[in-house]
Amino acid sequence: MSPEKTIAILIPCFNEEITVGKVVKDFRNAIPLAKIYVFDNNSTDKTAEVAKASGAVVIREKKKGKGHVVQSMFEIVEADYYVMVDGDDTYPAEHVTDLLKPVIEDQADMVVGNRLLVYEEHAFRPLHVMGNGLVRWLVNTLFGVSLKDIMSGYRVMSKKVIDGITIMAKGFEVETELTLQCLNKGLVIQEVGIPYRERPEGSFSKLSTIKDGYKVIMEILMILRDYKPLLFFGVSSAFLFISGAASGLVVVLEFIETRFITHVPLAILSVGLVLSSVLLIGIGLVLDSIKNRFNEIYSSIQRRKS
């Protein structure tokens, strides 16, 4: 890498005083010339003090949620290459050069640390692995890719990625959004296998199985709605149309036989369902056209920059 290029290590943290000092020191040893930023998301412990004492630049983000933290990171920090890693000491700093290499050599726009190849016994909760698998399957199916770890918090990005992405997620679904936005914009993502560790003793995960399980389900729906609107609204439209046609069949058969309609509420329901079906497919077509147009504009802007 040319000496004028800069690397920023971005570490989002909430109550990580036990681990953040080691994380900062490990990445300082791995990349001595990098500038390390710890974004403290309203920690109630000594996370900020420990990070500062370890040599990091500490910036407070008052809006709660990892998505808000990542958005602030991208807005505030200027660099040529960005390394984003959690402050819980589960990701190995010694592998950061493996993640950086494809981006520096312009072989990829984003490189993700794949945790699912080698990990310690209690590093994952079973339901979290299942949720990761569901989202991974959907993303791979929709975009025709074969990614392994959609939700990894250890990734390297070029400035092109940072400049082209606007974070909308508020919580831990931000990693999925980063992957989706890159895929949607035609950027190149590579994965590098890394060992994934358990949290050290005394350190606790901020994830909730039930709450974050609900978020995974909503994330799947949002992926369909935002990135494949015609499919999302088309399936919804088909469901309403079939329901409307089935309920309307009773009314039609009755009219053919008796020339009267006694199931008036059922007739109204049937018409309402079919009209709603037509409305949804129309919405899907409009949103799909808008999405394609935005993608064309983004591609045109990127070609002019290059």
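Reckoned from all heavy atoms, side chains included, excluding hydrogens, waters and symmetry mates.
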- Task: Please check if L273 and V252 belong to a single hydrophobic cluster, counting links between Ile, Leu, Val, Met, Phe, Trp and Tyr side chain heavy atoms closer than 4.5 Å.
- Result: no

- Got a second to check how far M157's CE is from D163's CG, nearest 0.5 Å? 12.0 Å

- Starting from the C-alpha separation in whole Å, work towards a yes-or-no answer on side chain to side chain contact (heavy atoms under 4.5 Å, CB included) for K62 and H68. CA-CA 9 Å; K62 62 180 180 293; H68 294 305; over 6 Å; no

- Can you find a pair of side-chain heavy atoms, one from D26 and one from D89, that are under 4.5 Å apart? yes

- Rounded to the nearest 0.5 Å, how far does CH2 of W137 lie from CG of L147? 15.0 Å

- Under the 3.5 angstrom rule, does the side chain of K185 hit a backbone N or O of L183 as a donor-acceptor pair? no

- Do N15 and T44 meet the criterion of a side-chain donor-acceptor pair at a distance under 3.5 Å? yes

- What's the shortest heavy-atom distance between V251 and H263, and which atoms? CG2-O, 3.9 Å

- Gap separating the CG atom of L10 from the CZ atom of R155, nearest 0.5 angstrom: 12.5 Å

- Query: Considering only heavy atoms from C-beta outward, does the side chain of P229 approach that of V286 to under 4.5 Å?
  - Reply: no

- Straight-line distance of Q190 CD to D98 CG, nearest 0.5 Å: 12.0 Å

- D86/K66 salt bridge by N-O under 4.0 Å criterion: yes

- Message: Any non-hydrogen side-chain atom of L231 less than 4.5 Å from a side-chain atom of L142?
- Response: yes

- Message: Within this structure, what is the CZ-OG distance for the pair F232 and S237, rounded to the nearest 0.5 Å?
- Response: 12.0 Å

- Whether R28 side chain and A34 backbone form a donor-acceptor pair below 3.5 Å: yes

- Query: Would you say I189 and T179 make side-chain contact, with heavy atoms under 4.5 Å?
  - Reply: yes

- Start with the C-alpha distance between E78 and K159, add both sets of side-chain angles, then the distance that settles side chain to side chain contact (heavy atoms under 4.5 Å, CB included), and finish with yes or no. CA-CA 8 Å; E78 286 290 334; K159 187 171 178 57; 2.9 Å; yes

- Side chains of N292 and D288: does their closest heavy-atom pair fall under 4.5 Å? yes

- Item | Whether S152 side chain and V112 backbone form a donor-acceptor pair below 3.5 Å | no

- Item | Distance-minimising heavy-atom pair for K35 and V57 | CE-CG2, 3.8 Å

- Can you check side-chain hydrogen bond (donor to acceptor under 3.5 Å, both in side chains) on S43 and E17, steps first, answer last? CA-CA 9 Å; S43 295; E17 70 169 295; over 6 Å; no

- Message: Quick check against the 3.5 Å criterion: does T47 have a side-chain atom that pairs as donor or acceptor with the backbone of E16?
- Response: yes

- Minimum-distance pair of heavy atoms, taken over all atoms of I194 and H95: CG2-CB, 4.0 Å

- Under a 4.5 Å cut-off applied to non-hydrogen side-chain atoms, are E175 and I150 in contact? no

- Task: Kindly give the heavy-atom pair with the smallest separation between L187 and K160, and that separation in Å.
- Result: CD2-CE, 3.6 Å

- Message: Could you tell me if the side chain of I7 sits less than 4.5 Å from the side chain of L33, heavy atoms only?
- Response: no

- Message: Apply side chain to side chain contact (heavy atoms under 4.5 Å, CB included) to residues V24 and I11 and explain how you reach the verdict.
- Response: CA-CA 8 Å; V24 171; I11 308 174; 4.1 Å; yes

- I would like to know whether F39 and V70 meet side chain to side chain contact (heavy atoms under 4.5 Å, CB included); could you show each step before the answer? CA-CA 9 Å; F39 279 71; V70 174; over 6 Å; no

- Message: Quick check: do L230 and L285 have side-chain heavy atoms less than 4.5 Å from each other?
- Response: yes

- Task: Assign the ring pair Y82 / F74 to parallel, tilted or perpendicular, where the plane angle (0 to 90°) is split at 30° and 60°.
- Result: perpendicular

- P92 to Y154 - nearest heavy-atom pair and separation: O-OH, 3.0 Å

- Does a sphere of radius 6.0 Å around NZ in K291 hold more than 12 heavy atoms from other residues, nucleotides or ligands, not counting ones at 6.0 Å or beyond? yes

- Does V188 belong to the same Ile/Leu/Val/Met/Phe/Trp/Tyr cluster as V161, with side-chain heavy atoms less than 4.5 Å apart forming each link? no

- Item | Main-chain N/O of F14 paired with N41 side-chain donor or acceptor, under 3.5 Å | no

- Just by distance, do the side chain of E191 and the backbone of K148 share a donor-acceptor pair under 3.5 Å? yes

- Message: Just checking E257: does its CD atom have more than 12 heavy atoms from other residues, nucleotides or ligands closer to it than 6.0 angstrom?
- Response: no

- Message: If I compare all heavy atoms of T19 with all of G87, which pair ends up nearest, and what's the gap?
- Response: OG1-O, 2.6 Å

- Query: So, does N140 use its side chain to make a donor-acceptor pair with the main chain of R136 at under 3.5 Å?
  - Reply: yes

- Message: For the aromatic rings, using the six-membered ring if either is Trp, is the centroid distance between Y91 and Y196 under 6.0 Å?
- Response: yes

- Message: Rounded to the nearest 0.5 Å, what separates atom CE in M110 from atom CE in M84?
- Response: 7.5 Å

- Can you tell me if S270 uses its side chain to pair, donor with acceptor, with the backbone of G244 under 3.5 Å? yes

- Item | More than 12 heavy atoms from other groups under 6.0 Å of CZ on F143 | yes

- Side-chain donor or acceptor of E177 paired with backbone N/O of I167 under 3.5 Å: no

- Going through the distances and angles, do T6 and D80 end up as a side-chain hydrogen bond (donor to acceptor under 3.5 Å, both in side chains)? CA-CA 5 Å; T6 56; D80 295 294; 3.2 Å; yes

